[in-house]
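See structure below.
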Amino acid sequence: MSTTERYNIKSTEEKWQKIWAEKKCFEVTEDKDKEKFYVLAMLPYPSGRIHVGHVRNYSLSDVVARYRKACGYNVLNPMGWDALGLPAENAAMQNNTLPKDWTYENIAQMKEQLLSMGLAIDWSREVATCDPDYYKHEQKMFIDFYKKGLAYRKESVVNWDPVEDTVLANEQVVDGKGWRSGAPVERRKLHQWFFKITEYADELLEGIKTLDRWPDKVRIMQENWIGKSKGVQLSFDIKDTEETVDVYTTRHDTIFGVSFIVLAADHPLSEKLASDKDGYDDFIQSCQSTGTSEEAIEKAEKIGFDTGYKAINPLNPDVEVPVLIANYVLMGYGTGAVMGVPAHDQRDFEFATKYNLDIPPVILPEGESEEFFANQKEAYSGDGTLINSYFIDGMNVEDAKKAVEEKMIEMNIGEVKTIFRLRDWGVSRQRYWGCPVPFVYRESDGACIPVPEDQLPVELPEDIDYDAPGNPLDRHPTWKYTTCPETGEPAIRETDTCDTFFESSWYFLRYLDPNNKTRGFSDEASQYWMAVDQYIGGVEHAVLHLLYSRFFMRALRDCGYAVPDEPFAGLFTQGMVTHQTFADKDGNWLFPNQVMQKDGKWQTIEGGDDVTAGAVTKMSKSKKNVVDPQDIIDTYGADAARLFILSDSPPDRDLEWTDAGIEGAWRFANKLYRITEEAKDNLCAVGSKQPIEFSEKAKDLRSHTHKAIKGVAEDIEAFHMNKAVARIRELSNALSSFEAKDAGDQWALREGYEALIKLFNPMMPHLAEELWQSLGHDTLLTDESWPSYDEALLAAESVTIGVQVNGKVRATILHAADASKEEIETMAVNDPAIQKAIDGKNIKKVIVVPGRIVNLVVA
RNA sequence: GGGCCUGUGGCGGAAUGGUAGACGCUGCGGACUUAAAAUCCGUUGUCCUUAGGACGUGGGGGUUCAAGUCCCCCCAGGCCCACCA
């Protein structure tokens, strides 16, 4: 084929993008007569260039958007920019620019790239979170939360990232290191703003049950993160003092197995009881120095320090047990003190063994005698019968718990308590490029006063310098000096900015009403569009972003906003995009476009040096195993890039990017163009009226077509895009090998091609639009509806099934679709191959499932 | 340590309990071409010399006329959480 006949990607894709934009094809308004469908892709951070992960994400959301639009929904598919955050500041420091300028330049670049993908996005609703008109509204929400008691300020020990000079949320500390910088986190005491997410712990947990269109793994991760546990809190008196210590346990059945009490190193009582003891300071220091790296946690030796005091078992005052301080008890969970039951808790067991503490058993596993504990090597944490436990002897674990609870309440020494692992969300960040926390502190009395609504937004100053470490807002010469809105006295602005998860917790609401100057969104828009019907993004946000957003809806609701409890009715988490890694002989990473394969061996393109092809891993800049989607789009076109990324792997699994894969997709795009052009004489000869008679093969083709229509829709709805693509390929194979002989054939062929084009439109919209036009239509395919299928045409007139003898397939037979069981059985038994397989033996049983299988049981 | 997920050809992956390997990539053979590219046709799970068989979905048991699919026990890999009392 000459090049002039080949599908011209670039001009065609640009042409249709322009037409879609001019005709505002994807701009939507609240249309009460139409059912809405809100498709949302996680908004990108404007790093400067899109990466393949973005392409995957937005290809998926685009398929959903275009499919739902074709199905008649009023589809909202917006896009915006998660534009606040640290990288802009780092870039500003390095390049001596302003974070704002850097960010907006990146947005412009990335928008151009996204436009070249041909996405069905309503760009009129574009939002950038760094726009004061955006963060103005969240400052209002912050104040609403404050007035409702959902935002508060307290001095607390924080996770301090020494590299980024900022506070990190617990969720942002991974293995004791900052999630982004990787630096070991330090502990500092600061005044911090918090959101009371714990207020909603139970509701957030319960809400998970309603999220039936979320992946199970995300729901489980959220459940674990919230970490509800039921237990009791009870008090131990400390002998010879006025002090008592509260412990929390879920195993109160083992109360008579307590042989010591352990306090966290930073428990207030630890200092009170032991600070005057020799070695205390050293001990505390060694507690704080361990437990940062992953390895340290793995191997962390349990270390303890004896306070010398004794605690009295509240249910058995005759028993006194030592009170120790140990590094394995966490101040942040429960009460920061635990009762040591070494016989039945592995951590306590290790600790007791090391420090020679008693290990009294109180639960006997079923079928064992007390001999079981004679040479105990590890704690027994299973069920069994209570022993050595006074009034609960002989009970099982569950009954014993109940009995202890009752007794405890009766004696007024404890209470049944449910606790959560979840902590309040610390939102303060000591950074410049974030949403300013809208409060001032009056100098005269330090009163914390919200900035009045008519003075919002509190805007970031633009004349900042990065010459010193720390927060540029804090050392700005004028910005923070203001007056108290109530008294007019001198006041200091809060110089903390918000965690950037704040912006992403509600951006999907801003899309609904982006031009609303007075509120972040109107109740009417929210009531029409919310909740998001299909949210799509990476699984790395399974806990943080998704949990914060869920919290936000409830907090907003309680502040009088009209929002649903659950923001995202449907969630899909896509897999990562991976690529093979390459390294030269010195172990330096090489980009894929620096290497080539020759005679089965990898070598550098320049120089032909040996290259080691390594593992296939997530694309990352540090390993250089990245491809630039823009190069791909420029070379092969957006349609081919989109098709490849949708076709090779199930979307929830990892996808390996390969050159062969993208070339295959590109070939298929060209093939679709070519076969349509080649069939055009037949396609354009068709009249508007459906012929009465069809040849057998035309009927067969129509069956193919209608099956494909049904199947592709089902696959798209189930996010099986790879299967949808396979069906489209099958249909195209059937069409391209079809020879039209009469008018009926031509009609069936045209029906097939039109369906084909509509079916691949969600994946390859430019090509689809081009071919639609080339078939003589003067409408936009984008405005066309999804083809419908005829149930009667789905079933072929005859069907080939396997015939088994004793479960092994020995032959296949072709039977009419409406054949009776008896007819099928006769056919099967009389088949020569079956006769041979039966070999004269008796047929004991015959199973006939028409359209499926025949199985003859012989002996 | 806990939780979740995944194991199917050379590769990515298909299979409401019913002909395992759809669809594609790669490879091989052929057509077209002076040649190449592109394209098209055929072929491609393994083994047995073929007709035709045997084997085959990580391993071992079980249920069933029939198991990749359901049940039990192992093994391997991945992800998440993790001294959470």
Side-chain angles (χ1 to χ4, degrees), chain A residues 1-3 5-6 174-175 215-221 223-225 227-229 231 247-252 254 262 264 290-291 294 297-298 300-302 326-330 332-341 344-348 350-351 381 419-422 539-540 542-543 575-576 644 647-650 652-656 658-665 667-668 670-671 674 720 722-733 736-737 800-813 833 836 844-858:
Chain A
M1 190 203 295
S2 71
T3 48
E5 282 174 83
R6 181 174 289 168
V174 180
D175 296 329
D216 287 344
K217 68 173 171 186
V218 175
R219 304 200 305 180
I220 290 163
M221 281 162 83
E223 272 172 24
N224 291 343
W225 194 263
K228 184 176 186 170
S229 77
V247 302
Y248 178 79
T249 181
T250 54
R251 292 300 304 272
H252 35 294
T254 62
V262 206
T290 54
E294 194 175 0
I297 290 171
E298 196 84 27
E301 181 89 1
K302 289 180 176 51
N327 61 341
Y328 74 94
V329 176
L330 308 173
Y333 185 77
T335 60
V338 301
M339 55 184 219
V341 187
H344 306 290
D345 180 283
Q346 186 57 24
R347 291 154 305 177
D348 296 341
E350 287 168 24
F351 189 70
S381 56
I419 65 167
F420 295 90
R421 211 187 73 114
L422 185 71
V539 74
E540 65 273 20
V543 176
M576 298 181 300
F644 168 55
S647 62
D648 251 31
S649 291
D652 54 346
R653 279 200 225 168
D654 288 354
L655 166 77
E656 186 186 354
T658 60
D659 287 349
I662 181 67
E663 278 168 21
R667 272 204 301 275
F668 183 55
N670 279 293
K671 182 182 168 181
R674 196 182 58 246
H720 296 158
N722 55 326
K723 283 157 67 181
V725 172
R727 285 185 204 276
I728 287 165
R729 293 186 112 118
E730 278 177 298
L731 179 58
S732 77
N733 288 342
S736 66
S737 60
T800 306
I801 64 169
V803 180
Q804 298 176 332
V805 176
N806 286 343
K808 286 189 195 275
V809 177
R810 297 297 175 182
T812 57
I813 57 170
K836 193 186 160 198
K844 297 201 134 180
K845 191 175 178 183
V846 181
I847 292 101
V848 180
V849 184
R852 292 274 178 211
I853 202 82
V854 175
N855 192 9
L856 307 172
V857 184
V858 302

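What you see below is based on every heavy atom in this structure, not just the backbone, and it leaves out hydrogens, waters and symmetry mates. In what follows, chains are A, B, ... by sequence order, proteins preceding strands, each numbered from 1.
- A15(B) and U69(B) have their P atoms separated by 15 Å, given to the nearest Å.
- Among the atoms of the strands shown, base atoms are found under 4.0 Å from some heavy atom of T800(A).
- With rounding to whole Å, K302(A) atom NZ is found 13 Å from G1(B) atom P.
- Using a 4.0 Å heavy-atom criterion, one finds that K808(A) contacts the sugar-phosphate atoms exclusively.
- In this structure, R674(A) does not reach the A38(B) phosphate: none of its side-chain N or O atoms is under 4.0 Å from OP1 or OP2.
- The side-chain tip of R729(A) points at the ring of F668(A) from less than 6.0 angstrom away and within 45° of straight on.
- Phosphate proximity of A54(B) to R810(A): present, with a side-chain N or O under 4.0 Å from OP1 or OP2.
- Mapping T812(A) and E656(A) onto RNA chain B by nearest heavy atom places E656(A) closer to the 5' end of the strand.
- When each of A22(B), A85(B), U26(B) is scored by its nearest atom to the side-chain atoms of R667(A), the top-ranked nucleotide is U26(B).
- If you check every strand for non-hydrogen atoms under 4.0 Å, R421(A) touches a base.
- Pairing partner, U69(B): none, since no Watson-Crick or wobble contact has both distances short of 3.5 Å.
- Residue contacts for V329(A): at a heavy-atom cut-off of 4.0 Å it reaches a base atom on one of the strands shown.
- With a cut-off of 3.5 Å on both pairing distances, the Watson-Crick or G-U wobble partner of C25(B) is G10(B).
- At the heavy-atom level, R219(A) lies nowhere under 4.0 Å from the strands shown.
- Here the separation of A36(B) from G30(B), taken at their P atoms, is 12 Å to the nearest Å.
- To the nearest whole angstrom, the two P atoms, one in G78(B) and one in C73(B), are 23 Å apart.
- Using C1' as the reference atom, U6(B) and G42(B) are 36 Å apart when rounded to the nearest Å.
- The M221(A) side chain lies nearest to C80(B) when the options are C80(B), G12(B), G18(B).
- Nucleotide C4(B) forms a Watson-Crick or G-U wobble pair with G78(B), both donor-acceptor distances falling under 3.5 Å.
- For the pair N670(A) and U39(B), the criterion of a side-chain N or O lying under 4.0 Å from OP1 or OP2 is not met.
- Nucleotides C70(B) and G7(B), compared at atom P, are 11 Å apart to the nearest Å.
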Run the side-chain hydrogen bond (donor to acceptor under 3.5 Å, both in side chains) check on K671(A) and N733(A) step by step: do they pass?
CA-CA 10 Å; K671(A) 182 182 168 181; N733(A) 288 342; 3.0 Å; yes
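- Judged by Watson-Crick or G-U wobble contacts below 3.5 Å, the nucleotide A15(B) has no partner.
- The nucleotide whose nearest atom lies closest to any side-chain atom of K217(A) is, among C4(B), C23(B), A20(B), C4(B).
- Closest to the Y248(A) side chain, of the nucleotides G7(B), A85(B), G53(B), is A85(B).
- For R852(A) against U16(B), a side-chain N or O and a base N or O form a donor-acceptor pair under 3.5 Å.
- Backbone-only engagement by N733(A) is indicated by non-hydrogen atom pairs under 4.0 Å involving sugar-phosphate atoms exclusively.
- Mapping R727(A) and V803(A) onto RNA chain B via the closest heavy atom, the residue that lands nearer the 5' end is V803(A).
- Side chain of K836(A), nearest nucleotide from G12(B), C40(B), G52(B): G52(B).
- Among the heavy atoms of the strands lying under 4.0 Å from T250(A) are primed sugar atoms or P, OP1, OP2 only; no base atom is included.
- Relative to the side chain of R347(A), the nucleotides A22(B), G12(B), C83(B) differ in distance, and C83(B) lies closest.
- Here the closest non-hydrogen pair linking I801(A) and G851(A) is CG2-C, 3.4 Å.
- Under the 3.5 Å distance criterion, with hydrogens and angles disregarded, no donor-acceptor pair is assigned to the side chains of N855(A) and K808(A).
- For the P atoms, the distance linking A54(B) with A20(B) amounts to 13 Å, nearest Å.
- Residue L330(A) has its side chain nearest to C84(B) when only A22(B), C84(B), G13(B) are considered.
- I220(A) comes within contact range of the sugar-phosphate backbone alone, with a heavy-atom separation under 4.0 Å but no base atom that close.
- Taking the syn range as angles within 90° of 0, the glycosidic angle of G9(B) is syn.
- Relative to the side chain of Y333(A), the nucleotides C23(B), A85(B), A15(B) differ in distance, and A85(B) lies closest.
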Output one line per pair: protein atom, nucleotide atom from nucleotides 64-66 of chain B, and distance, for all N/O pairs under 3.5 Å.
unit_1, atom_1, unit_2, atom_2, d
C65(B), O2', N855(A), ND2, 3.0
C65(B), O2, N855(A), ND2, 2.8

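- Comparing C25(B), A14(B), G53(B) against the side chain of P650(A) picks out A14(B) as the nearest.
- For K217(A), the NZ atom counts as loosely surrounded, since its 6.0 Å shell holds 12 or fewer non-hydrogen atoms of other residues, nucleotides or ligands.
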